[in-house]
Amino acid sequence: MTDHSRMCAFFQLEDVSMLRKIVLALAFMMPVMANAQVPQLREDNVDEVLKAMTLHEKARLVVGTGWGSMFGVGLLNADPVEVRGAAGMTRSVKRLGVPSVVMADGPAGLRIMPGRSKRYCTGFPVGTLLACSWDTALVQEVGAAMGQEVLEYGVDIILAPGMNLMRNPLCGRNFEYYSEDPLLTGKIAAAMIRGIQSQGVGTSAKHFAANSQETNRTGNNAIVEEDVLRALYLKGFEIAVREAQPWTIMSSYNKLNGPYTQEDKWLLTDVLRDEWGFEGLVMTDWTSPRNTPAQIAAGNDLMEPGFKKQINQIVKAVKNGELDEALLDVCAKRVLELVVKTPRFHGYQYSNQPDLKSHAEVSRRAAADGMVLLENRSALPLQGVKKVALLGVGSYDIIAGGTGSGNVNKPYVVNLMDGLKNAGIAVDEGAAADYLKYISHNSNRKKGYVMVGKAAWKEKAVPVAQIKSLAMNNDAAVITIIRQAGEGEDRSVNDDFCLDETELALIGDVCREFHAVGKKVTVVLNIGGVVETASWKLLPDAILVAWGCGQEGGNAIADVLTGAVNPSGRLSMTFPLAYEDVPSSANFPIGKKEVIKDVMSTATGASKDKGRKDVDYTVYEEGMNVGYRYFGLDGAKVSYPFGYGLSYTTFSKEELEDGSVIVTNTGARSGREVVMRFENGILSAFAKTRLLAPGESETLKF
């Protein structure tokens, strides 16, 4: 080959190489050039971005990414999993600069997977306890702490608060909810929403609406007259919307007077948006595909967890004229409006290091503030008590909160044994050793459906001879009775609402033997919902309802038992004499365990409608007769009335002409007091004092 030939060959090779570089550069630049010709999402150009979206992109935007983030498996998600253990995500539209948004469960704290980095979240007290505090400022503080964890763990929206009305004491999720009264429900929920959203993250008030039972929750048709629906089951949501504007609302699984709530335009558009002025987004509760075009048309903006087939359903429905694309545009716009609010859109660099230490302190204070003292015959606070016989399995393995999506992966849970020791009270070592051995060597937990979390222990029988010995060698006795409940199954009457034979025998034997030697007995109810008390409440000297009191539960209970905190909780629901006294007991699924047995109880969607009373349909025949609206407030017909609770101190109240009330602590201990105002027997306002020293006063204005 001549020099000229070599030179030509060289330039040919160089040309090919250069050509390749040009092609690669163009390939790299084409998306950039394309994106330069389309808008990129900003806070002020939502309409422009929406106009630039294709039909398929809009359909994708309103359908979640799938189950993957909940299980931490990216392959199951349409987009990469951002936070392992989060409940779900929205889909990104990278062409238009639209990122995914991450949603995770609540409402007793953020629920994500701890993972190798040990991302534990604070286990706050359950919703019922928070409502029993009657303290909106404290609830807002709890919400702010919870919101900070949402923010710092990279989540945009927490699926909380749960705020369905307590229609019946056996609803499996009552522990997540607030009250049998809609005003208290709405005010506490609004405080929680304000607290969480003060951290720049969103909430999802749930489950909208009339999701009052867990039995066949994905298929049950709640049949409720409109005046009852508005006055009771919608009113709490209305208050929360008007006072706090949650970023999102979650439509419930059930049907309401015929259609699914997720497909009910009257509920989601006419009432929620047009009447109440809701400005945010509606998402479905996590379920399999239903009639997706009907959900869009009703104003249900986001389908969760989301399935690819739903995207195809939407596109097909628009193309064949079944769904007006303008309705899809409305929903897609609301998703975009949600996206631009989020920390993820604004590029927030979350730390994975929230202030768990200070949040534990908040949890402890809140827990003590919402505990309710039902009985006290000179037993509490524990004075001159140096050593107690601590009985009941729950004293050593406390129930911090319920099961299901309301469960939290907590760093620890303080039991009552350690709580009392931390307060300087010794615990009988022999009794403790027996219970700890029982816990470590048995799997004797109560049977039941548990989606996420642990079941409660069956109570351990204690021989009378051992109780006699404990009475001789301890200054007092404390018995803890525990209950567990959760998502997917309602409670039963026998051995749940009512104490079982072992529990009754334990209370009876301990009270008899300790009273025989002049010593006091206290029962602590570590429960998520109402239990029967009338048949045994006169046996012990004191009864304290500690509820599901979060990870600091043992310390908080000890705070109240010892008098470090004066009890100021008041019942947010009625304790009836018997379950049959509850008007809705005639229309509630007792013994009808229609439980979906999938790992996720909603994965199969609704069960087949077989026309079963209280399973496939439930008629709210009791109407307005829910809780104290039926029983009244004086306690004559109940075990403990709505608003009831004792204190270690006393208060006087003076009504002023302007409607305000002067509250004075007339006792010998510092404490707080709740003042409630009723009109025609219905709660119309409430307020709680600050901590008042003996002789100190505060004027409460409503």
Side-chain angles (χ1 to χ4, degrees), residues 43-44 46-47 50 62 101 103 107 136 139-140 143 147 156-165 178-179 181-211 224 226-252 256-257 259 261-285 295-302 326-342 684-685:
E43 290 182 77
D44 62 354
V46 167
D47 288 328
L50 179 64
V62 300
V101 167
M103 295 161 282
T136 55
V139 173
Q140 188 162 329
D156 299 289
I157 298 166
I158 185 170
L159 306 177
M163 50 181 300
N164 290 100
L165 203 71
Y178 293 133
S179 177
D181 179 80
L183 176 71
L184 181 57
T185 293
K187 293 289 187 179
I188 295 295
M192 177 62 74
I193 292 165
R194 286 193 299 269
I196 294 172
Q197 294 188 172
S198 71
Q199 303 302 299
V201 294
T203 58
S204 190
K206 62 184 186 183
H207 310 87
F208 191 62
N211 186 171
V224 195
E226 185 174 338
D227 60 337
V228 175
L229 185 66
R230 286 181 175 273
L232 297 182
Y233 300 97
L234 299 185
K235 179 58 70 174
F237 285 97
E238 179 183 2
I239 293 169
V241 166
R242 293 186 185 277
E243 295 190 4
Q245 279 292 346
W247 284 13
T248 78
I249 282 180
M250 183 187 294
S251 55
S252 56
L256 179 58
N257 294 325
T261 62
Q262 299 173 357
E263 302 171 12
D264 191 342
K265 179 180 178 296
W266 174 82
L267 181 69
L268 302 184
T269 298
D270 299 350
V271 173
L272 177 61
R273 291 192 169 95
D274 296 344
E275 290 186 25
W276 300 350
F278 177 60
E279 300 169 356
L281 172 143
V282 174
M283 68 175 77
T284 67
D285 204 339
Q295 292 169 317
I296 294 291
N300 208 128
D301 309 298
L302 178 62
L327 296 176
L328 174 60
D329 287 349
V330 170
C331 294
K333 181 178 179 179
R334 291 188 185 125
V335 176
L336 293 175
E337 290 173 337
L338 176 67
V339 169
V340 298
K341 291 181 180 180
T342 61
S684 60

* For Ser179, check side-chain hydrogen bond (donor to acceptor under 3.5 Å, both in side chains) against everything at least two apart and list the hits. =>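 So Ser179 forms no side-chain hydrogen bond (donor to acceptor under 3.5 Å, both in side chains) with any residue.
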
* To do: Could you tell me which residues satisfy side-chain hydrogen bond (donor to acceptor under 3.5 Å, both in side chains) with Asp270, sequence neighbours excluded, listed by chain and number?
  =>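 For Asp270, the residues satisfying side-chain hydrogen bond (donor to acceptor under 3.5 Å, both in side chains) (neighbours in sequence not counted) are Lys265.
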
* Tell me, please, which residues at least two apart from Trp276 pass ring-ring contact (aromatic ring centres under 6.0 Å, His included). =>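 ring-ring contact (aromatic ring centres under 6.0 Å, His included) list for Trp276, sorted by chain: Phe208.
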
With sequence neighbours excluded, tell me which residues meet side chain to side chain contact (heavy atoms under 4.5 Å, CB included) with [X].
X: Asp264; answer: Pro259, Trp266, Leu267
X: Ala160; answer: Pro107, Ile158
X: Val228; answer: Val224, Glu225, Leu232, Tyr233, Met624
X: Ser198; answer: Ala144

Whether [X] side chain and [Y] backbone form a donor-acceptor pair below 3.5 Å:
X: Gln245; Y: Gly277; answer: yes
X: Thr284; Y: Met250; answer: no
X: Thr203; Y: Pro246; answer: no

Which pair of heavy atoms, one from [X] and one from [Y], lies closest together, and at what distance?
X: Met283; Y: Thr248; value: CE-OG1, 3.5 Å
X: Val139; Y: Ile188; value: CG1-O, 3.6 Å
X: Thr261; Y: Ala209; value: CG2-O, 3.8 Å
X: Ile239; Y: Pro182; value: CD1-O, 3.9 Å
X: Arg273; Y: Gly299; value: NH1-O, 3.0 Å
X: Gly200; Y: Trp247; value: O-CH2, 3.5 Å

Straight-line distance of [X] [atom1] to [Y] [atom2], nearest 0.5 Å:
X: Met163; Y: Lys206; atom1: CE; atom2: NZ; result: 12.0 Å
X: Asn211; Y: Asp285; atom1: CG; atom2: CG; result: 7.5 Å
X: Thr269; Y: Leu327; atom1: OG1; atom2: CG; result: 9.0 Å
X: Leu268; Y: Gln295; atom1: CG; atom2: CD; result: 9.5 Å
X: Leu256; Y: Ser251; atom1: CG; atom2: OG; result: 12.0 Å
X: Phe237; Y: Leu272; atom1: CZ; atom2: CG; result: 9.5 Å

Residue list, salt bridge (Lys or Arg N to Asp or Glu O under 4.0 Å) with [X], at least two apart or on another chain:
X: Lys235; answer: Glu238
X: Asp47; answer: Lys333
X: Glu279; answer: none
X: Asp227; answer: none

* Structure fact -> For residues 183-203, the salt bridge (charged side-chain N to carboxylate O under 4.0 Å, His left out) pairs (sequence neighbours left out) are Lys187-Glu243

* To do: Apply side-chain contact (heavy atoms from CB on, under 4.5 Å) to the pair Glu275 and Leu234, showing each step before the final yes or no.
  => CA-CA 12 Å; Glu275 290 186 25; Leu234 299 185; over 6 Å; no

* Are Glu226 and Arg230 ion-paired here, with the side-chain N under 4.0 Å from a carboxylate O? -> yes

